[in-house]
Amino acid sequence: MNSCDCNRRGFFGHAFGCGAWVAVALAAGTTQARQAQARTLADPVTTTPFARIEKIADGVWAVVSTPFGADGARGDRTTLSNGGIIAGRDAVLVVEGFFTPAGGQWLSDQALALTGRRPTHVVATHYHLDHVGGLAGFRQGADGPELLMTARTGALSAERNALARPAEGSPFPKAPPILLPTLVLPEGEAKLDLGGRTVRLIARTGHTDSDVTVELDDPRVIFGGDLLWNGIFPNYVDADPLKLSTAVTALLSDHTATIVPGHGPLSIAADLSGYKGVLDAVEAAARRAHRAGLAVEDAAKAFTLPPSLGAWTLFNPGFYTNAFKAWYRVLG
Ligand SMILES: [Zn+2]
């Protein structure tokens, strides 16, 4: 079954949408995934079937999506990605646009409840649909927050997400309106003063051609977007694995930082070393297979993660293939 256009490599929906969802039996993985997504760093202030909100510090909350359901691999995907809320005296920044407009609307309501005001700014870390598909939900009629993304992310979103017409039977919602940035983030680092709290927005690359991390220094918190994953095998569909590795090493170098990964539960950087282990295991296997002249699909089929790295749930069996394809791209 291949009812959607699998040549759209850049479209997140390719990775999630082409045939495999129902097939993702994840017989053993489902229970593990359910248990893993339930791990919290702090008592949640809000819990829904699709996400919870954990308070990291005064004025700083993380959204942790919980997309694995009880009845199978696929649960409620209203938000699908992680993100957060950062409040200052004068402004409220939301990290990520989430997957559906209903998810964006939900988080706008949560920001209002927790901070007393609706988000004034929303930053999208990259163009994948589970991070920008819900941006329209933050609008209140003619009003809406400033939308922050890099020029490259805006361009990629317009180019790739505009093609996101889900096939019949696809788990994707109707193609959402594609919203472009109202404030373009520069390459390098930008500082956003929320009033008594400064947020650093740092342009990076590795998961896609343009990724942004959202960072606080006191307390040290990193919203890593999809450069960082915890307990869920990462999506390499657009990745440059060499750049990804470099970015991850830099992001995890402060072992005390609280990490909000793009997917999976919160962590302290020191406890996320298994993620680097996953990336390194993929790299070693891909280099070996490439040297041996193995076809990329065969290499992916033969791959398993060392059990010492713990459980890393696959959103989709195609994710290993995407990882090996990414390595074969850079290995030539
Ligand atoms: Zn992504």
Side-chain angles (χ1 to χ4, degrees), residues 8-18 20-21 37 51 62-65 67 77-84 94-100 103-104 122-135 148-150 152-164 171-173 176 178-179 181 185 201-214 222-241 243-245 247-248 251 259-265 275 278-279 282 312-316 318-323 325-326 329:
R8 287 177 204 144
R9 187 174 58 74
F11 171 40
F12 177 83
H14 161 53
F16 278 74
C18 284
W21 260 109
Q37 75 180 7
V63 175
V64 180
S65 285
R77 305 168 81 208
T78 300
T79 46
L80 189 52
S81 80
N82 291 347
V94 158
V95 183
E96 303 296 12
F98 302 96
F99 188 36
T100 68
V122 180
V123 56
T125 61
H126 63 289
Y127 86 93
H128 286 163
L129 209 50
D130 54 328
H131 300 257
V132 300
L135 284 171
L148 283 60
M149 52 184 105
T150 65
R152 182 76 183 126
T153 289
L156 284 167
S157 186
E159 178 193 321
R160 310 266 175 94
N161 292 335
L163 298 174
F172 278 74
I178 304 307
L179 298 189
L185 292 172
L201 305 159
I202 304 176
R204 302 179 188 267
T205 179
H207 173 67
T208 67
D209 199 33
S210 179
D211 301 288
V212 167
T213 55
V214 179
I222 301 173
F223 294 82
D226 281 2
L227 291 167
L228 299 176
W229 294 60
N230 186 15
I232 301 172
F233 187 83
N235 182 358
Y236 279 78
V237 68
D238 288 323
D240 178 323
K243 292 176 177 169
L244 175 64
S245 225
V248 169
L251 286 168
I259 301 293
V260 183
H263 299 271
Y275 175 56
V278 168
L279 300 185
V282 171
W312 290 78
T313 304
L314 282 165
F315 260 130
N316 177 313
F319 272 35
Y320 281 171
T321 309
N322 287 338
K325 280 184 179 166
R329 280 198 298 275

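Nothing here was measured: the structure is a model prediction, and the numbers come from that model. As the structure lists them, so they are numbered: ligands from 1, and atoms in each ligand from 1.
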(message) Please check this pair: side chain of H207 against backbone of N235, looking for a donor-acceptor N/O pair closer than 3.5 Å.
(response) yes
(request) State whether D130 contributes an N/O/S atom found under 2.8 Å from the Zn ion (ligand 1). (result) no
(request) Please note down the angle at the Zn ion (ligand 1) between ND1 of H128 and OD2 of D226, to the nearest 10°. (result) 160°
(request) Could you tell me how the ring of H126 sits relative to the ring of H131: parallel (under 30°), tilted (30 to 60°) or perpendicular (over 60°)? (result) tilted
(request) Take T208 and D211 through the side chain to side chain contact (heavy atoms under 4.5 Å, CB included) test and state the conclusion after the steps. (result) CA-CA 6 Å; T208 67; D211 301 288; 3.1 Å; yes
(message) Side chains of P241 and L279, heavy atoms from C-beta outward: is any pair under 4.5 Å?
(response) no
(request) Taking the Zn ion (ligand 1) as the vertex, measure the angle between atom NE2 in H207 and atom NE2 in H126; round to 10°. (result) 100°
(request) Please confirm if an N, O or S atom belonging to H131, backbone or side chain, lies less than 2.8 Å from the Zn ion (ligand 1). (result) no
